Structures are given as C-alpha cells and as structure tokens.
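For reference, the structure discussed in these notes is given below.
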Amino acid sequence: FCLSRGLGDVYKRQTVNLSASAASASAIGDARVARIVANDDCFYSVTGTASTISAYLPANTIEYVHVYKGNVISFITAGNSGIAYVSEMV
C-alpha cells in the first residue's frame with residue numbers, strides 16, 4: 001500500500017542497506033521524482049557516491065528529489081545501519 005500524496009503513483013520501489021560504506025539503488029528509469037526515506041539517519045547523493053558531507057536525511061523523514069533517467073541514488077551513514085527506501089514516482 002502506498003500513498004502518492006498527489007505526486008503520482010509509485011513506478012518502482014527499491015531498498016538499500018545502510019552502513020558506513022556507500023551503497024546505491026539501481027539506476028533511475030523514466031521517473032522525474034524519487035521519494036526517499038530511511039529508518040536511520042543517513043546522507044544521500046543523486047549525482048555520485050554519497051559521503052558524510054552529502055545531503056543529510058534524518059531518520060523517518062520523507063524527501064522528494066528531482067531525478068533524471070540513469071541517476072543513481074547513493075546512501076551512507078556515520079557508522080550505524082538501517083534501510084533506505086527509494087520509490088520512483090510517475
């Protein structure tokens with residue numbers, strides 16, 4: 001079950017295991033917006049490998065990011081572990 005909150009339907013959903021090493025979702029398809037949320041504090045990047053100076057995403061906070069076909073969303077934590085969810089919106 002997914003709420004679209006008026007931005008469209010979910011096209012593709014992915015999970016990424018969070019850790020102190022950068023991990024990435026698969027390349028974005030035709031979506032222009034991705035919804036990301038993680039169950040632990042982390043950092044993310046849409047344009048390259050995430051590091052601890054990338055954009056900060058607090059735990060359980062929903063973020064909508066503009067993406068292009070082929071973008072890869074990367075995540076990293078400051079040492080903890082968890083799961084990030086990436087949903088391509090159409």
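Small disclaimer: the values here were computed from a predicted structure and weren't measured.
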Give me the atom names and distance for the closest heavy-atom approach of Thr52 to Ala78.
CG2-CA, 4.4 Å
Distance in Å, Ser26 OG paired with Ile73 CD1, rounded so as to fall on 0.5 Å steps:
11.0 Å
How close do Ser24 and Val16 get, counting heavy atoms only, and between which atoms?
C-CG2, 4.0 Å
Are any of the side-chain heavy atoms of Ile76 and Leu18 separated by less than 4.5 Å?
no
For Tyr68 together with His66, are the ring centres under 6.0 Å from each other?
yes
same_hphob_cluster(Met89, Leu57) at 4.5 Å side-chain heavy-atom cutoff
no
Whether over 12 other heavy atoms sit under 6.0 Å from Asn17 CG:
no
Determine, using the 4.5 Å side-chain heavy-atom cutoff (strictly less than), whether Phe43 and Val37 are members of one ILVMFWY cluster.
no
Check whether any side-chain N or O of Ser45 sits under 3.5 Å from a backbone N or O of Ala50 as a donor-acceptor pair, and report yes or no.
no
Evaluation steps, side-chain contact (heavy atoms from CB on, under 4.5 Å), between Val46 and Val67:
CA-CA 7 Å; Val46 178; Val67 293; 3.9 Å; yes
Check for me, please, whether Tyr56 and Phe75 land in the same ILVMFWY cluster - side-chain distances under 4.5 Å, paths through other members count.
no
Considering non-hydrogen atoms only, spot the tightest contact between Cys42 and Thr77 and give its length.
CB-CG2, 4.0 Å
So which atom in Gly79 and which in Ala20 form the shortest heavy-atom distance, rounded to 0.1 Å?
CA-CB, 3.8 Å
Less than 4.5 Å apart, any side-chain heavy atom of Lys12 and any of Ser87?
no
Count I, L, V, M, F, W, Y as connected when their side-chain heavy atoms are under 4.5 Å apart, and connections chain through other members. Are Ile62 and Tyr85 then in the same cluster?
yes
Is it the case that the side chain of Glu88 and the backbone of Val33 share a donor-acceptor pair, with hydrogens and angles ignored and the cut-off at 3.5 Å?
no
Answer with yes or no whether the hydrophobic clustering places Ile83 together with Ile36; edges join I, L, V, M, F, W, Y residues whose side-chain heavy atoms lie under 4.5 Å apart.
no
